[in-house]
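Input: a single structure, listed below in structure tokens.
This is a predicted model, so every value here is computed, not measured. Side chains included, hydrogens not; waters and symmetry mates left out as well; all remaining heavy atoms used. A note on names: the letters A, B, ... follow the listed sequences, proteins ahead of strands, and every chain is numbered from 1.
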Amino acid sequence: MSASGQEALLRVEHLTMRFGGLTAIGDLSFTAARNDITAIIGPNGAGKTTVFNCLTGFYKPTEGSVILTHVDDKQFLLERMDDFRISQRAKVARTFQNIRLFAGMTVLENLMVAQHNTLMRASGFTVTGIFNSPTYARASHEAVEFSEYWLEKAGLVDRADDPAGELPYGDQRRLEIARAMCTKPVLLCLDEPAAGLNPRESEDLNRLLLNIRDEQKIAILLIEHDMSVVMGISDHIVVLDYGVKISDGSPAEVRNDPAVIRAYLGVEDEEEAEVVVERAVAAVAKKPARAKVAAKKSPARKKGVRK
Amino acid sequence: MAEVPKSTNVMPEARSIAAAAIAKDVLFTAVIAFIILGPIVGLKTFAISGSLALEQRWGLVTVFVAIVAGGRLAYHLLVWNKPQARPSRAISAPVLPFMNYAKYIAPALVAFAIILPFIPGVDRRIVDLAILILTYIMLGWGLNIVVGLAGLLDLGYVAFYAVGAYAYALLATIYLPAWFGDGIVPWAFFITLPIAGVLAALWGVILGFPVLRLRGDYLAIVTLAFGEIVRVVLINWSDFTGGPAGIGGIPRPSFFGLPFIEGEGGFAAFFGLDFKPIHRIIFLYYVILVLALFTNFVTMRLRRLPVGRAWEALREDEIACRSLGINTTSTKLTAFAIGAMFAGFAGSFFATRQGFVSPESFVFLESFIILSIVVLGGLGSQIGVVVAAIVIIGAFEVFRELNFLKAVMPAGFDPVQYRMLAVGAALVLIMRWKPRGFVTRREPSVVLKEKKAIPTDLVAEGHG
Ligand SMILES: Nc1ncnc2c1ncn2[C@@H]1O[C@H](COP(=O)(O)OP(=O)(O)O)[C@@H](O)[C@H]1O
Ligand SMILES: [Mg+2]
């Protein structure tokens with residue numbers, strides 16, 4: 001069909017997820033392009049995490065399909081794959097809203113576990129590895145070097161031999177991302193990576209994400225609860241509310257979409273909403289200027305946007 | 001870590017306030033003890049000629065209440081009132097002190113184990129005890145893979161021990177002689193050992209498949225049930241297993257073909273030694289020592305391989321493992337199978353040492369003892385298993401030696417009958433003081449710059 005790599009990286013089609021009577025996601029369709037940071041935003045309980053769980057195989061969607069296309073045009077129907085195969089074969093990595101590190105293992109060990117499948121093959125599925133075969137010794141050495149590379153990117157080299165559970169919160173977030181990157185993914189899914197970070201940590205995180213997109217050329221799917229955080233770094237935003245897509249487009253388009261503002265302000269009454277929307281639009285109208293200035297001097301931006 | 005480290009020099013008024021509070025607490029304890037013990041201990045009913053009479057024993061109640069209050073007071077003064085010298089854990093754990101000498105402990109222990117049978121004064125009884133302890137160390141190390149590393153609570157581990165023992169018993173008494181003639185018998189142990197391990201591992205996989213979807217308590221219960229099923233099958237499948245009577249006449253091991261017999265063709269004659277029965281015991285001792293060290297070596301090696309790291313990651317967080325592309329089912333199965341394999345080896349050794357197997361040797365109590373050794377040693381710690389095995393199995397044996405108590409205590413008192421009680425109490429106490437076992441440090445499996453130990457309060461215990 002299309003020329004190599006022309007197909008969107010991820011195509012979500014009519015995705016529906018019901019829990020008993022509750023429709024957590026209703027008929028959601030969107031695409032994520034290669035080399036883009038695509039953000040999924042929406043208020044709490046909008047179904048963002050559920051979308052991730054469907055993409056990464058932790059939930060089997062009630063309806064719909066999720067198609068991932070590699071650069072070599074190889075396609076994966078994610079909704080039919082086991083969770084660990086999605087990471088292993090389709091190369092989708094993820095982090096969790098409530099950080100899931102191996103707390104009792106060192107930072108380096110966390111990254112080594114992420115390279116399990118490569119190392120497992122190199123160790124002849126343990127049979128030759130137990131005799132420390134040269135192949136395994138080499139692969140193991142390379143894995144440590146690769147881990148070190150990501151530790152540097154995440155600014156954690158000095159903590160490499162400390163238990164992951166002892167790191168400060170912001171470091172844990174970045175470690176979880178580094179660990180996901182050690183699986184060598186084509187798509188990195190981050191569930192609220194900025195939640196609970198202070199402005200400085202948030203800054204480090206954004207730098208890491210932009211580096212992943214620009215240097216590593218890896219697409220990112222980013223969940224964020226706070227709209228302002230994603231505006232600066234995402235290329236494409238999908239807005240969910242009550243499991244339904246209410247807006248989809250560039251940050252500028254989404255920011256000015258009345259439906260989005262309505263959802264975020266949580267107004268029930270239609271007429272009241274009109275008023276609020278007008279006021280809100282007027283309020284955000286000032287923002288672009290600020291955001292543009294800030295894009296150059298990012299520290300100032302971070303502080304400005306968060307508070 | 002919410003508590004702020006208290007300053008050590010408590011001010012005088014603070015001290016008197018503390019004394020008042022302690023007095024109040026002790027009094028309160030005494031009152032509660034009286035309320036509970038008053039009716040239970042103080043009033044005793046007994047039957048007199050068909051009717052009930054009440055005996056009052058307030059003196060005894062006073063003694064009991066005094067014990068409780070005294071204990072509480074001792075607790076206050078000796079335990080709770082300790083100045084909090086323990087600094088809050090530093091952000092980065094210091095290089096563990098234990099590792100500095102741990103480097104020498106393990107080789108020292110191995111060297112001691114190697115020369116043990118030749119230390120003057122070591123007699124057959126001590127070597128027998130050492131064999132028993134080594135068997136449990138080996139079982140503990142095997143179970144440590146499943147429980148300590150992979151975090152799968154297996155209460156039916158003894159089933160694999162049984163599979164190994166019966167595999168050897170049946171092969172050595174019936175099948176090998178039938179297939180290859182009687183000449184094979186002296187070699188039976190060495191031939192059967194790997195087969196027993198493989199069979200036990202196979203059982204590990206067979207039992208593992210249905211149960212590994214379960215987690216935590218459910219896994220524990222089902223493994224417990226499987227352990228019992230194996231035992232019940234051994235009892236009831238009389239045609240094959242000999243039923244409750246078990247299998248006797250199992251060939252003793254030979255020194256690589258040389259039997260331990262008196263006279264021509266025996267081990268002693270071949271090496272020009274005087275025949276002594278202890279030669280066989282010493283040989284058995286070295287066999288189990290080699291088997292145990294092999295178990296340890298393999299486990300230590302596996303920890304540094306991806307499979308071992310995946311086991312530990314599984315114990316820490318199964319969902320994260322799956323998100324990293326680890327097939328958790330096969331990872332759990334390998335833990336189960338390798339743990340079972342070592343139990344199979346140990347079972348095979350057990351059969352050749354005893355010369356007799358019966359289902360009675362594979363009751364739940366055995367699983368419990370092995371699990372206690374692992375938990376008490378500190379989940380995942382190899383040296384901890386050694387210490388715990390010596391403490392628990394040693395304690396069991398000490399009770400056999402307490403015959404002087406018979407002279408002191410009333411007639412009919414047999415110390416051996418109290419050993420489970422004492423060991424149970426000891427377990428409760430040790431778990432109270434060292435809830436994570438004797439060794440509370442985890443050694444990282446790979447190091448970038450500097451090896452630091454990981455305090456086990458960060459390490460997960462696994463969810464099944
Ligand atoms: N496993 C589940 N069982 C039942 N309901 C669920 C489950 N997971 C999520 N939900 C429901 O789906 C809705 C969306 O949740 P979630 O995706 O976590 O929201 P978000 O991440 O956007 O805050 C919520 O109402 C939540 O209660
Ligand atoms: Mg969420």
Side-chain angles (χ1 to χ4, degrees), chain A residues 56-58 82-89 91-96 100-110 112-123 125-126 129-132 136 140 143-144 147-148 151 157-168 176 179-180 182-183, chain B residues 1 89-93 95 151 297-331 334 338 379-380 436 441-462:
Chain A
T56 51
F58 285 87
D82 280 336
D83 44 16
F84 71 92
R85 293 234 161 74
I86 288 178
S87 166
Q88 203 181 71
R89 309 248 167 90
K91 295 278 161 206
V92 178
R94 73 169 290 180
T95 64
F96 296 85
R100 285 182 173 275
L101 289 172
F102 306 124
M105 300 172 87
T106 66
V107 170
L108 178 62
E109 282 180 307
N110 268 268
M112 294 294 279
V113 172
Q115 301 171 63
H116 176 81
N117 290 313
T118 319
L119 287 172
M120 203 66 183
R121 251 171 278 123
S123 73
F125 296 90
T126 311
I130 204 151
F131 303 107
N132 206 6
Y136 175 66
S140 173
V144 172
S147 307
E148 206 177 347
L151 286 177
V157 186
D158 295 338
R159 311 290 320 250
D161 295 315
D162 290 330
E166 274 186 359
L167 298 185
E176 205 190 14
R179 186 181 69 179
C182 280
T183 64
Chain B
M1 288 286 109
R89 214 177 47 241
I91 295 292
S92 88
V95 184
F297 170 78
V298 171
T299 311
M300 303 284 274
R301 190 77 200 110
L302 287 175
R303 269 200 72 209
R304 283 169 175 70
L305 287 173
V307 68
R309 240 176 257 135
W311 289 339
E312 294 202 76
L314 198 66
R315 175 192 66 200
E316 298 287 321
D317 194 323
E318 188 172 338
I319 289 177
C321 276
R322 290 215 298 271
S323 83
L324 298 172
I326 295 175
N327 183 342
T328 49
T329 311
S330 66
T331 305
T334 52
I338 292 177
L379 287 176
R436 301 299 301 249
R441 306 239 150 204
R442 177 184 168 269
E443 205 181 322
S445 65
V446 57
V447 173
L448 191 63
K449 293 193 180 85
E450 174 198 13
K451 188 167 180 175
K452 297 173 191 169
I454 299 164
T456 35
D457 45 0
L458 286 172
V459 178
E461 283 152 3

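- Contacts between D161(A) and chain B at a heavy-atom distance below 4.5 Å involve backbone atoms as well as side-chain atoms.
- For L302(B), the part lying under 4.5 angstrom from a heavy atom of chain A is the side chain only.
- With a 4.5 Å cut-off on non-hydrogen atoms, T56(A) does not touch chain B at all.
- Taking chain A as the reference chain and counting heavy-atom pairs below 4.5 Å, the highest number among A320(B), A313(B), G308(B), C321(B) is found for A313(B).
- Between chain A and the residues N327(B), V307(B), V446(B), the most heavy-atom pairs under 4.5 angstrom are made by N327(B).
- Ranked by non-hydrogen atom pairs under 4.5 Å with chain B, the options S87(A), A114(A), A160(A) are led by S87(A).
- Between V113(A) and E316(B) the shortest side-chain heavy-atom distance does not fall below 4.5 Å.
- Inter-residue side-chain proximity for I326(B) and F84(A) is flagged as unmet; no heavy-atom pair is nearer than 4.5 Å.
- With a 4.5 Å cut-off on non-hydrogen atoms, V157(A) touches chain B through its backbone and its side chain both.
- Contact of F125(A) with chain B is not made at all, since no heavy-atom distance falls under 4.5 Å.
- Residue Y136(A) comes nearest to R304(B) through the heavy atom pair OH-O, 3.0 Å, listed as atom of the first residue, atom of the second, then distance.
- Proximity to chain B (any heavy atom under 4.5 Å) is restricted, for E148(A), to the side chain, taken from C-beta onward.
- In this structure, the separation between CG on D83(A) and OG1 on T328(B) is 7.0 Å, given to the nearest 0.5 Å.
- The CZ atom of R309(B) sits 9.5 Å away from atom CD of Q115(A), with the distance rounded to the nearest 0.5 Å.
- Most heavy-atom pairs under 4.5 Å with chain B: of the set R85(A), Q88(A), R89(A), M105(A), this distinction falls to M105(A).
- At least one side-chain heavy atom of L324(B) sits less than 4.5 Å from a side-chain heavy atom of R179(A).
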